[in-house]
Amino acid sequence: MEWTIQELAARAGITSRTLRHYDSFGLLAPSRVGANGYRYYNPVAVARLQRILLMRRLGMGLPAIAEVLAEEVDSLDGLRAHIAALEEERVRIEQQIHSARQTLEAIQAGVEPRMDVLLAGFNDHYKDEVISRWGERAFQVSNNWWHGKSLDQQRAWKHDTEDLVAAWIAAVKAGDSPASEHAQSLAARHVQWLSQIPGTPTAEGDRERSIEMVNGIGDMFVDDPRFAAMYDDEAGATFVRDALHTYARTRM
């Protein structure tokens, strides 16, 4: 099967001039040129155009696209990369749709939600950290779970989280020890909170990785100034870390 340059341009939503420009730039040559001078494109050429258009949509310039295509040894690897990029784009669009629906719900309910918190996503800001510590799947599953919640469900989850943080701060101010029964009950509550998030080792019942995760989260509370601020100060974050470490060591 072949398409003429006019047919391909119409189906791709671009102009014949653009296709000629891609040819002159060395990106996409026609599969053949007929005796009448017409340019024809076969499925291989169309698949290559598909990749070019995707990279253009991602904001890449023609020189960069040419470099990517020139470095590809295996066209199958290129297609796999194309599919992965499309899947990422699909997730992004689905999240945007969900965010727009949440905004609509908020307006209809007559409330003004904190858009930076409710619509940014559950762990988008910590994507690289989550992936580096617990893998791509943990991030994707938990992020999809969060974006699948309604506005009211997200609001309820945020409220529960704020209650847990407030309870930790109150324990520190009360002078509790990280190993005290009260602190350990808060640690158990914290682990239970984690177990509600799909994709985490605690949710999947993986004991060894759960212990590793709880210890890692405790360390992160102290190492990352953002979390120290969440628990009032570094002393608060250290208290939570020590309580979680004790719980992981003695009760998990």
Side-chain angles (χ1 to χ4, degrees), residues 91 95 113-149 152-252:
V91 171
Q95 290 176 351
R114 290 179 56 192
M115 303 298 283
D116 60 322
V117 173
L118 291 176
L119 304 184
F122 172 67
N123 51 15
D124 303 59
H125 295 308
Y126 306 105
K127 177 177 180 179
D128 292 341
E129 296 170 37
V130 173
I131 292 175
S132 66
R133 289 173 180 268
W134 301 296
E136 173 75 34
R137 180 179 175 276
F139 171 80
Q140 200 58 64
V141 172
S142 61
N143 206 45
N144 290 344
W145 162 80
W146 175 257
H147 284 293
K149 286 181 173 293
D152 287 342
Q153 289 172 329
Q154 286 188 344
R155 208 182 267 130
W157 177 266
K158 291 290 185 182
H159 183 266
D160 290 344
T161 304
E162 290 166 359
D163 279 352
L164 177 58
V165 171
W168 277 120
I169 294 173
V172 175
K173 292 181 176 179
D176 286 347
S177 159
S180 69
E181 194 60 36
H182 179 53
Q184 288 305 289
S185 69
L186 288 177
R189 180 178 166 187
H190 205 118
V191 173
Q192 176 61 28
W193 176 82
L194 288 171
S195 70
Q196 297 175 53
I197 306 172
T200 61
T202 50
E204 296 177 350
D206 187 328
R207 178 176 177 274
E208 293 303 320
R209 291 182 64 233
S210 293
I211 292 173
E212 179 184 353
M213 182 179 189
V214 170
N215 283 327
I217 286 176
D219 291 337
M220 188 167 62
F221 286 164
V222 174
D223 296 340
D224 192 325
R226 292 171 295 183
F227 292 106
M230 178 188 299
Y231 293 105
D232 266 2
D233 52 28
E234 185 175 345
T238 300
F239 178 90
V240 178
R241 179 201 64 188
D242 292 347
L244 289 174
H245 281 191
T246 300
Y247 183 84
R249 184 178 65 254
T250 62
R251 308 196 183 192
M252 291 182 70

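As the structure is a computational prediction, the values presented were derived from the model and not from experiment.
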- Using the side chain to side chain contact (heavy atoms under 4.5 Å, CB included) rule, take Val191 and Val214 through it: C-alpha gap first, then chi angles, then the decisive distance, then the call. CA-CA 7 Å; Val191 173; Val214 170; 3.9 Å; yes
Measuring from atom [atom1] of [X] to atom [atom2] of [Y], what distance do you get when rounded to the nearest 0.5 angstrom?
X: Gln196; Y: Trp157; atom1: CD; atom2: CH2; result: 4.5 Å
X: Ser185; Y: Gln192; atom1: OG; atom2: CD; result: 13.0 Å
X: Thr161; Y: Met230; atom1: OG1; atom2: CE; result: 9.0 Å
X: Lys158; Y: Asp163; atom1: NZ; atom2: CG; result: 13.5 Å
X: Thr202; Y: Trp193; atom1: OG1; atom2: CH2; result: 9.5 Å
X: Asp160; Y: Glu162; atom1: CG; atom2: CD; result: 9.5 Å

Do the ring centers of Tyr231 and Phe239 come within less than 6.0 Å of each other? no
[X] versus [Y], closest heavy-atom pair with distance:
X: Leu186; Y: Leu164; result: O-CD1, 4.3 Å
X: Ala243; Y: Ala187; result: O-CB, 4.0 Å
X: Pro178; Y: Gln184; result: O-NE2, 2.8 Å
X: Asp176; Y: Ser180; result: CB-OG, 3.9 Å
X: Arg207; Y: Met252; result: NE-O, 2.6 Å

Mark yes or no for whether [X], through its side chain, and [Y], through its backbone, hold a donor-acceptor pair below 3.5 Å.
X: Thr246; Y: Asp242; answer: yes
X: Ser210; Y: Pro201; answer: yes
X: Thr200; Y: Ser195; answer: no
X: Asn215; Y: Ile211; answer: yes

request  = Can you establish whether the number of heavy atoms outside Glu204 located under 6.0 Å from its atom CD is more than 12?
outcome  = yes
inquiry  = Within the structure provided, determine whether Trp168 and His190 are in side-chain contact (heavy-atom separation under 4.5 Å).
reply    = yes
Test side-chain contact (heavy atoms from CB on, under 4.5 Å), reference Asp219, set Val222, Ile217, Asp223, output is Asp223
* Quick one: do Arg249 and Glu212 make a salt bridge, cutoff under 4.0 Å? ->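 No, this pair does not count.
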